[in-house]
Visitor: 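Pasting a structure here, questions to come.
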Amino acid sequence: MSRNMRVDVAVVGDGLIGMSTALHLRRRYLSVAVIGGTTQGRASTAAAGMLTPACEYDPWMPQEFYELLREGLDYYPPFLSAFGFTPESVGFRSTDFTLLDLVERPDSLQSRTEWMDKYGIENSWLSPAEVCDAEPHLSPQTFRGAIRIKDEAVVNPRALLQAMTEWASAEECPVLIGGLTGVDDEHGRLRLTTGEGDTVVADQVVVAAGSWSGQVGRAFGLDIPVCPVKGQIVRLAGPPGLLRSVAFMPSGGCGSIVSRSPGEYIVGTSEEYLRPETDNTAGVVGTILSRLCAVVPEAAEWRIEEMWSGFRPMTSDELPILARADDPRIVVATGHHRNGVLLTAVTGRLVAALIDDEAPGLSLDRFRYGRPLRPHTRFATKY
């Protein structure tokens with residue numbers, strides 16, 4: 001049976017960003033409905049779950065972006081506590097990251113320590129011998145050295161999304177399926193229709209539909225310039241405790257090796273700009289596994305448990321959009337690219353502040369809707 005409801009805010013998107021937004025709005029005692037779409041290929045359940053501002057930031061990016069990433073990590077513990085999520089239930093834990101300088105790079109990553117020192121990131125440069133002391137199961141033939149970064153974190157995105165969805169249900173925040181199929185004006189409010197025939201009339205709307213935000217935006221007459229960036233990931237089972245940190249590799253096929261739980265290793269991921277399909281492909285998976293076995297030779301004996309892919313929403317300047325649109329009834333929260341999990345909690349908090357016309361506490365000018373963007377220029381696949 002179709003439902004008709006009137007709410008303060010409708011959130012379009014039931015992934016991590018959308019659900020975090022819904023939770024923060026409910027804590028402000030606003031009535032909220034979430035409209036979900038397809039789950040196939042969404043980034044929320046595809047991500048490895050790394051929470052690492054130091055590894056994801058590059059010096060060419062604006063300082064405001066690093067400040068956003070840092071706040072994203074710092075806010076996680078109070079966010080989990082505020083909503084009653086224990087760290088164990090969502091796989092959240094602090095961990096070091098080992099940023100490996102792979103032999104294929106013509107320059108050394110050691111220069112990255114300069115900006116890390118500037119931003120107060122606790123780090124140290126390790127020689128190959130020191131890397132092997134810290135991570136004895138890594139092969140020294142594959143790297144020149146590494147930056148050891150202290151006190152970043154990981155989380156299990158699937159467990160986090162499940163916990164947030166259950167919290168929303170308990171707080172009478174309905175999650176409607178079928179996707180957004182229609183938008184109309186109704187006496188100054190927005191009337192949204194879903195593929196299941198449900199109708200939601202809302203004072204304000206948040207567009208948080210990830211890689212599908214451009215399509216959703218067009219229904220509201222908005223231009224939301226995000227493109228999907230495919231990533232493929234492999235989950236393997238091996239002996240527990242082989243890694244003492246997250247191995248992060250900024251170039252080549254295998255970008256990271258994360259021990260999600262004892263004996264469970266998440267490995268990936270590619271960046272593909274030309275393939276919209278959600279399949280796993282032999283060339284990409286083969287490259288990921290080849291890199292894994294080179295860096296951790298013992299991984300050749302690990303058992304493959306699962307493979308999947310997802311689409312990151314990327315703007316051409318690789319910064320998110322966190323702002324009101326030209327239509328002041330609509331807030332856009334998308335374009336998080338590689339940092340959707342890291343920015344999940346803080347995005348919900350910032351969007352809730354925007355909905356209530358409060359100062360967000362961080363400068364969001366760099367992330368405004370309608371900012372000048374160059375055309376998308378990435379056509380090569382990186383894996």
Visitor: Does the plane of the ring in Phe311 sit parallel, tilted or perpendicular to the ring in Trp212? Use 30° and 60° as the thresholds.
Guide: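 Because their plane-to-plane angle is over 60°, the rings of Phe311 and Trp212 count as perpendicular.
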Visitor: Check step by step if side-chain contact (heavy atoms from CB on, under 4.5 Å) holds for Phe85 and Val155.
Guide: CA-CA 12 Å; Phe85 307 142; Val155 73; over 6 Å; no
Visitor: If only atom types and distance count, is the side chain of Gln204 paired as donor or acceptor with the main-chain N or O of Asp8 below 3.5 Å?
Guide: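 No, because the side chain of Gln204 does not come within donor-acceptor range (under 3.5 Å) of the backbone of Asp8.
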Visitor: Salt bridge check: are Arg191 and Glu186 linked by an N-O gap of less than 4.0 Å?
Guide: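 Result for this pair is yes, salt bridge flagged.
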Visitor: Membership question, hydrophobic clusters at under 4.5 Å side-chain separation (ILVMFWY): are Leu25 and Val201 in the same one?
Guide: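 Per the 4.5 Å side-chain linkage, Val201 and Leu25 are not co-clustered.
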Visitor: For the pair Arg312 and Glu318, find out whether any cationic side-chain nitrogen is under 4.0 Å from an anionic carboxylate oxygen.
Guide: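 Salt bridge flag = no for Glu318 with Arg312.
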Visitor: What I'd like to find out is whether the side chain of Glu135 reaches to under 4.5 Å of the side chain of Leu243, using heavy atoms alone.
Guide: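 Answer yes - side chains close enough.
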Visitor: What's the shortest heavy-atom distance between Gly217 and Ile224, and which atoms?
Guide: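 In terms of heavy atoms, the two residues are closest at CA-CD1, 3.7 Å.
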Visitor: Roughly how far, to the nearest 0.5 Å, is OG of Ser89 from CG of Leu80?
Guide: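 The OG atom of Ser89 is 7.5 Å from CG of Leu80, to the nearest 0.5 Å.
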Visitor: Do Glu56 and His337 have side chains that approach each other closer than 4.5 Å (heavy atoms only, starting at C-beta)?
Guide: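 With C-beta onward as the side chain, the pair stays apart.
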Visitor: Could you check Val207 against Tyr369 for side-chain contact (heavy atoms from CB on, under 4.5 Å), going step by step and ending with a plain yes or no?
Guide: CA-CA 12 Å; Val207 177; Tyr369 172 84; over 6 Å; no
Visitor: Are Arg329 and Asp185 ion-paired here, with the side-chain N under 4.0 Å from a carboxylate O?
Guide: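 Judged by the 4.0 Å cut-off on N to carboxylate O distance, Arg329 and Asp185 do form a salt bridge.
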Visitor: Kindly give the heavy-atom pair with the smallest separation between Ala219 and Leu180, and that separation in Å.
Guide: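 It is CB-CD2, 4.2 Å.
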Visitor: Do the side chains of Arg148 and Glu130 get close enough for a salt bridge, i.e. N-O under 4.0 angstrom?
Guide: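 Result for this pair is no, no salt bridge flagged.
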Visitor: What is the distance from atom CG of Leu161 to atom CG of Asn156, rounded to the nearest 0.5 Å?
Guide: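 One finds 10.5 Å between CG of Leu161 and CG of Asn156.
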Visitor: Whether the side chain of Glu152 engages the backbone of Ala54 through a donor-acceptor N/O pair (distance < 3.5 Å, no angle test) should be reported.
Guide: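 Indeed, once roles are kept as given, a pair shorter than 3.5 Å links the two residues.
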Visitor: Looking at every non-hydrogen atom in both residues, tell me the closest pair between Ile233 and Ala48 and how far apart they are.
Guide: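 Looks like CD1-N, 3.9 Å.
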Visitor: Are the side chains of Leu322 and Pro360 in touch, meaning some heavy atoms are under 4.5 Å apart?
Guide: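 With C-beta onward as the side chain, the pair stays apart.
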Visitor: Report yes if the side chains of Pro136 and Arg244 come closer than 4.5 Å at any heavy-atom pair, otherwise no.
Guide: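 They are in contact (side-chain heavy atoms under 4.5 Å apart), so the answer is yes.
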Visitor: So, Arg26 side chain and Cys173 main chain: donor-acceptor pair closer than 3.5 Å or not?
Guide: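 Answer holds: no.
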Visitor: Heavy atoms only: give me the nearest Pro157-Ala47 pair and the separation to one decimal.
Guide: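 Closest approach of Pro157 to Ala47: CG-O, 3.6 Å.
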Visitor: Could you check whether atom CD1 of Ile177 has more than 12 heavy atoms from other residues, nucleotides or ligands sitting under 6.0 Å from it?
Guide: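 No, not enclosed.
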Visitor: Check step by step if side-chain contact (heavy atoms from CB on, under 4.5 Å) holds for Met164 and Leu16.
Guide: CA-CA 8 Å; Met164 289 196 294; Leu16 290 170; 3.6 Å; yes
Visitor: Parallel, tilted or perpendicular: which describes the rings of Trp115 and Tyr57, with under 30° parallel and over 60° perpendicular?
Guide: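 Geometry flag for Tyr57 against Trp115: perpendicular rings.
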Visitor: Would the distance check show the side chain of Arg235 and the main-chain N or O of Glu264 forming a donor-acceptor pair, the cut-off being under 3.5 Å?
Guide: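 Flag not set: sc Arg235 to bb Glu264 has no pair under 3.5 Å.
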Visitor: When you group the ILVMFWY residues by side-chain heavy-atom contacts below 4.5 Å and let the links chain together, are Ile35 and Ile17 in the same group?
Guide: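 Unlinked, Ile17 and Ile35 end up in two clusters.
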Visitor: Taking side chain as C-beta onward, heavy atoms only, is Leu190 less than 4.5 Å from Val183?
Guide: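 Yes. Closest side-chain heavy atoms under 4.5 Å.
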Visitor: Verify, without hydrogens or angle tests, whether Lys230 (side chain) and Ser270 (backbone) share a donor-acceptor contact under 3.5 angstrom.
Guide: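 No, because the side chain of Lys230 does not come within donor-acceptor range (under 3.5 Å) of the backbone of Ser270.
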Visitor: Heavy-atom count check: over 12 atoms from other residues, nucleotides or ligands less than 6.0 Å from Arg158 CZ?
Guide: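 Atom CZ in Arg158 is packed in, count exceeds 12.
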Visitor: Distance check, rounded to the nearest 0.5 Å: Ile321 atom CD1 versus Leu364 atom CG?
Guide: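 So the gap between those two atoms works out to 12.5 Å.
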Visitor: Give a yes-or-no answer on whether the side chains of Gln40 and Thr38 include a donor-acceptor pair shorter than 3.5 Å.
Guide: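 No, Thr38 and Gln40 have no side-chain donor paired with an acceptor closer than 3.5 Å.
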Visitor: State, with a plain yes or no, whether a side-chain heavy atom of Met50 is found less than 4.5 Å away from one of Cys55.
Guide: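 No, every pair of side-chain atoms sits at 4.5 Å or beyond.
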Visitor: May I ask you to test the Glu64-Asp365 pair for a side-chain heavy-atom distance under 4.5 Å?
Guide: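 Counting from C-beta outward, Glu64 and Asp365 never come under 4.5 Å.
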Visitor: Would a distance-only check, ignoring hydrogens and angles, find a side-chain to backbone donor-acceptor pair under 3.5 Å from Asp317 to Leu319?
Guide: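 Looks like yes, one N/O pair under 3.5 Å.
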Visitor: Does Met61 form a side-chain contact (heavy atoms from CB on, under 4.5 Å) with Leu69? I'd like the steps, not just the answer.
Guide: CA-CA 12 Å; Met61 294 174 164; Leu69 296 177; 5.8 Å; no
Visitor: Carefully, step by step, assess Thr194 and Glu196 under the rule side-chain hydrogen bond (donor to acceptor under 3.5 Å, both in side chains).
Guide: CA-CA 5 Å; Thr194 77; Glu196 296 291 308; over 6 Å; no
Visitor: Keeping the roles fixed (side chain from Gln110, backbone from Trp125), state whether a donor-acceptor pair exists under 3.5 Å.
Guide: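 Absent.
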Visitor: Relative to each other, are the rings of Tyr66 and Tyr119 parallel, tilted or perpendicular (30° and 60° limits)?
Guide: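 Because their plane-to-plane angle is under 30°, the rings of Tyr66 and Tyr119 count as parallel.
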Visitor: Considering the options Val296, Ile304, Val295, Leu292, which one meets the side-chain contact (heavy atoms from CB on, under 4.5 Å) requirement together with Val267?
Guide: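 Considering Val296, Ile304, Val295, Leu292, a side-chain contact (heavy atoms from CB on, under 4.5 Å) with Val267 is found only for Leu292.
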Visitor: Examine distances only and state if a side-chain atom of Arg112 and a backbone atom of Leu109 form a donor-acceptor pair shorter than 3.5 Å.
Guide: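 No, because the side chain of Arg112 does not come within donor-acceptor range (under 3.5 Å) of the backbone of Leu109.
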Visitor: Any side-chain donor paired with an acceptor under 3.5 Å for Thr98 and Ser245?
Guide: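 The answer is yes; a qualifying pair exists.
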Visitor: Just how far is it from atom CG of Leu73 to atom OG of Ser94, taken to the nearest 0.5 Å?
Guide: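 That separation rounds to 7.5 Å.
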Visitor: Validate the cation-pi geometry between Arg27 and Phe83: distance from NZ or CZ to the six-membered ring centre under 6.0 Å, angle to the ring axis within 45°.
Guide: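 Relative to the ring axis of Phe83, which defines the angle, Arg27 lies inside both limits.
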Visitor: Looking at Arg366 and Glu67, does any basic side-chain N land under 4.0 Å from a carboxylate oxygen?
Guide: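 Salt bridge flag = no for Glu67 with Arg366.
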Visitor: Which pair of non-hydrogen atoms, one from Val131 and one from Gly145, has the smallest distance, and what is that distance?
Guide: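 Distance-wise, the nearest heavy atoms are CG2-C, 4.1 Å.
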Visitor: In Å and rounded to the nearest 0.5 Å, what is the CG to CD1 distance from Leu138 to Ile257?
Guide: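 Going from the CG atom of Leu138 to the CD1 atom of Ile257 covers 7.0 Å.
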Visitor: Roughly how far, to the nearest 0.5 Å, is CG of Asp101 from CZ of Arg144?
Guide: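 So the CZ of Arg144 and the CG of Asp101 are separated by 6.0 Å.
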Visitor: If only atom types and distance count, is the side chain of Tyr75 paired as donor or acceptor with the main-chain N or O of Leu343 below 3.5 Å?
Guide: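 No, the answer is negative, given that no donor and acceptor are paired below the 3.5 Å cut-off.
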Visitor: Taking the side chain as C-beta and beyond, is there a heavy-atom pair between Ile147 and Thr113 under 4.5 Å?
Guide: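 Side chain of Ile147 against side chain of Thr113, heavy atoms only: contact under 4.5 Å found.
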Visitor: What's the shortest heavy-atom distance between Thr344 and Tyr76, and which atoms?
Guide: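 Closest approach of Thr344 to Tyr76: CB-OH, 3.8 Å.
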Visitor: Is it the case that the side chain of Asp151 and the backbone of Thr95 share a donor-acceptor pair, with hydrogens and angles ignored and the cut-off at 3.5 Å?
Guide: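 No, because the side chain of Asp151 does not come within donor-acceptor range (under 3.5 Å) of the backbone of Thr95.
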Visitor: Just to verify, which of Val34, Ile355, Val332, Val32 counts as forming a side-chain contact (heavy atoms from CB on, under 4.5 Å) with Val206?
Guide: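 Result for side-chain contact (heavy atoms from CB on, under 4.5 Å) with Val206: Ile355.
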